[in-house]
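Values below: all heavy atoms of this structure, side chains included; hydrogens, waters and symmetry mates excluded. Remember, it's a predicted structure, so these values are computed and weren't measured experimentally. Along the sequence shown, residues are numbered consecutively beginning with 1.
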Amino acid sequence: MLNIPQYILKKHSVICTKVDIVIVQILKERNYMKYSLQQDRHEIIQSYIRFIFMSAILLFFGIFKPEFYKSTQHIFVTFGFISFANIHFYLVYNKKSNFFFRRITAIIADIVIVFYFMNYLDINAIVLYPLLLWIILGNGIRFGATYLYISLTFTLTALYITTMQNNSWQGHLMIIFSLAVGIISISLLTLLAIRNLHDLNMNLEQKVNQRVKELEYEYLHDSLTDLFNRFALEKDLQEEKFGGLMIIDIDSFRNINELYGIHTGDAILKKIASHLRQFLNNKEFQLYRINGDVFAAKNRLDYIDHDLYEKVVKDLLNFVDTLSIDAYEINTSINIDITIGISLEQEDALNKAEMALSFAKLHMKKYIAYSKMIDTSQTISQLLQCKDEIKEALNQDNFIPVFQPIVNRNQNIEKYEALIRMRKYTNGKEELISPYFFLDTAIKTKQYETLTIIMIEKSFKIMKALGKSFSLNLSFNDLINEKVLNTLKINIEKYDIGKQLTLEILESENIEDYQVINNFIKEFKTFGIEIAIDDFGSGFSNFTHVFELEPDILKIDGSLIKNIDKDQKSYEFVKSIVHLAHKLGIQTLAEFVSSKEIFDITYDLGVDYFQGYYFCEPIPSSKIKDKFTFTK
């Protein structure tokens, strides 16, 4: 029987083609006659035929030979055979007892009952001759040459015994001889066909087994380096004892592919794999290529030796530092660096080693061993949960703008800042969730763009209807996003809202090209829009570049304002910003004004506008009033 490993037939296999799998399964299920599935089916069919035969015999004797039932012996034999047929059918259907035992008992029982009837019917039993052939040839064709030999032997033995015991049959020895010769001749011809078919099946089995081996090899090996692959690693981690695992990443290998091309990159990667394999084999480690420029090395020991691991890792790093890869394709040598993630815990070892590798790369470490301190699985779980909540809120249209007043030095509302909130209902009660709890997830899960577009469309529509001035935040990534920019232009023109709008550009370390911002400002100022630089002074400000942008407003970062009444450095820094801005004709805005003390200090420093919970928290559009004033 063919033994096809189940993992070859897995749906996620990208190595085995669907055509190969279909061919193997067809050969396995339809062409090879010795498969147990076909044997079971033939046995069941034969059991059905045995029932039909007995029913026909009983009916025949009931109509044409009623005296047959006057004999207690005949009734005992007949119903004994019926009982056997029932028991045998049960054994076959439920796969009870050994297959060989079931076949032998069935052959003997079939031949005995046939010759019992032949002995009773005398020479007229020649009509049962086709039934004898069916027993012999049927067993041979369905179950192989062995069962043909057995059936033929029992048939000839039973024929001889019947002839010797029955005087009527002894008077027709030539007929008996002819029957025997006919049975033997037909059986031999059938046997020859069975042998030819057996040879064909053996040849077919060899081809299928060979293809299965090829598929298994392709499934478990990397086609470029001929190393074991990720599937092989997962299989070995499940089946073999655990001695530790490390993941080895070739740092910045993408640069080699981009600089020299994929073909050269592959050639270099093969040489790297060869060097790593040679080094790690000597250290009793099995090397795998699990993804692109990432390798895995599993210790062949069946126990974990921490000192050994530390020594192997350090030796490997030293080996790589001195390694020079000859790249004949580009007539130069390549030096590489690696980062290693290690797992010394058997449970979920591969995932933990990959976590360690990610942590090491993020923190620019040469190697890190997994520990619970760096486990990100909980963070990932929370990320996915938040992602689903964002998706659900998008489907339910539960992202809305709220508006926080911005007041002037007279404490009159000058405008409102549009801020996003996620609406959530708990026990029928509405909650407005701050972006602190979902915005970072939206960025990581590529839903931020959708939220930005929703804010543009909803806030523009609301503030146009209310006739109020307002401001809207944009990040540097928004300014280089064509879809966001097109949405912004379309809605500015649709609502003719340019003179009501201030766009706050977030000042941060993410700004890569101030010329992009400069071009954006020049284009959108043609709509009558004011430009503000948000979070100014947050620690990433490039004063020269910012002032070259000629913004209308500098929005001083809240981290400076919220401690200005306690931190002298913050006070001096804000004082300098306000002074410099006024010299350049730029207005200033202090956010995070949470108390009268902070308001008084920023007011005395000459800040032009103020925003914070001291005046008002963010409110829904339904609560915006035409006018309200605060008293200092």
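Side-chain contact of Asp236 with Gln286: a donor-acceptor pair under 3.5 Å is absent, judged by distance alone. Side-chain contact annotation: Ser559 with Asp557, donor-acceptor N/O pair under 3.5 Å present. Using a 3.5 Å distance cut-off with no hydrogens or angles, the side chains of Tyr288 and Asp222 do not pair a donor with an acceptor.
Every residue two or more places apart in sequence or in another chain was checked for a ring-ring contact (aromatic ring centres under 6.0 Å, His included) with Phe253, and none qualifies. Here Tyr309 pairs with Phe285 under the ring-ring contact (aromatic ring centres under 6.0 Å, His included) rule; sequence neighbours left out. Under the salt bridge (Lys or Arg N to Asp or Glu O under 4.0 Å) criterion, Lys283 pairs with Asp315, sequence neighbours left out. The side chain to side chain donor-acceptor pair (under 3.5 Å) test applied to Glu354 returns Arg230, not counting sequence neighbours. In this view, Gln346 satisfies the side chain to side chain donor-acceptor pair (under 3.5 Å) rule with no residue, not counting sequence neighbours. Contacts of Glu523 classified as side chain to side chain donor-acceptor pair (under 3.5 Å), with partners at least two apart in sequence or in another chain: Lys489. Taking the ring-ring contact (aromatic ring centres under 6.0 Å, His included) definition, one finds that Phe319 meets it with Phe279, sequence neighbours left out. With sequence neighbours left out, the side chain to side chain donor-acceptor pair (under 3.5 Å) criterion links Glu310 to Lys314. Among residues two or more places apart in sequence or in another chain, the ring-ring contact (aromatic ring centres under 6.0 Å, His included) test is passed with Phe438 by Phe399. By the salt bridge (Lys or Arg N to Asp or Glu O under 4.0 Å) test, Asp321 pairs with no residue at all, sequence neighbours left out.
Classification of Arg211 and Glu218 as a salt-bridged pair holds, one side-chain N sitting under 4.0 Å from a carboxylate O. Contact check on Lys555 versus Glu417 returns a salt bridge, with a Lys/Arg side-chain nitrogen under 4.0 Å from an Asp/Glu carboxylate oxygen. For the pair Asp397 and Lys458, the salt-bridge criterion is met [side-chain N within less than 4.0 Å of a carboxylate O]. Using a cut-off of 4.0 Å between Lys/Arg side-chain N and Asp/Glu carboxylate O, Lys213 and Glu216 are scored as not salt-bridged.
Within the structure, the salt bridge (charged side-chain N to carboxylate O under 4.0 Å, His left out) test picks out the following pairs touching residues 338-349 (sequence neighbours left out): Glu345-Lys352. Residue pairs meeting the salt bridge (charged side-chain N to carboxylate O under 4.0 Å, His left out) criterion with at least one member in residues 250-269, sequence neighbours excluded, are Asp251-Lys361.
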Exercise. Apply side chain to side chain contact (heavy atoms under 4.5 Å, CB included) to the pair Val484 and Asn477, showing each step before the final yes or no.
Key: CA-CA 9 Å; Val484 171; Asn477 289 332; over 6 Å; no

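Using a 30° and 60° split on the angle between ring planes, Tyr217 and His221 fall in the parallel class, below 30°.
Between Leu269 and Phe295 there is a side-chain heavy-atom pair separated by less than 4.5 Å.
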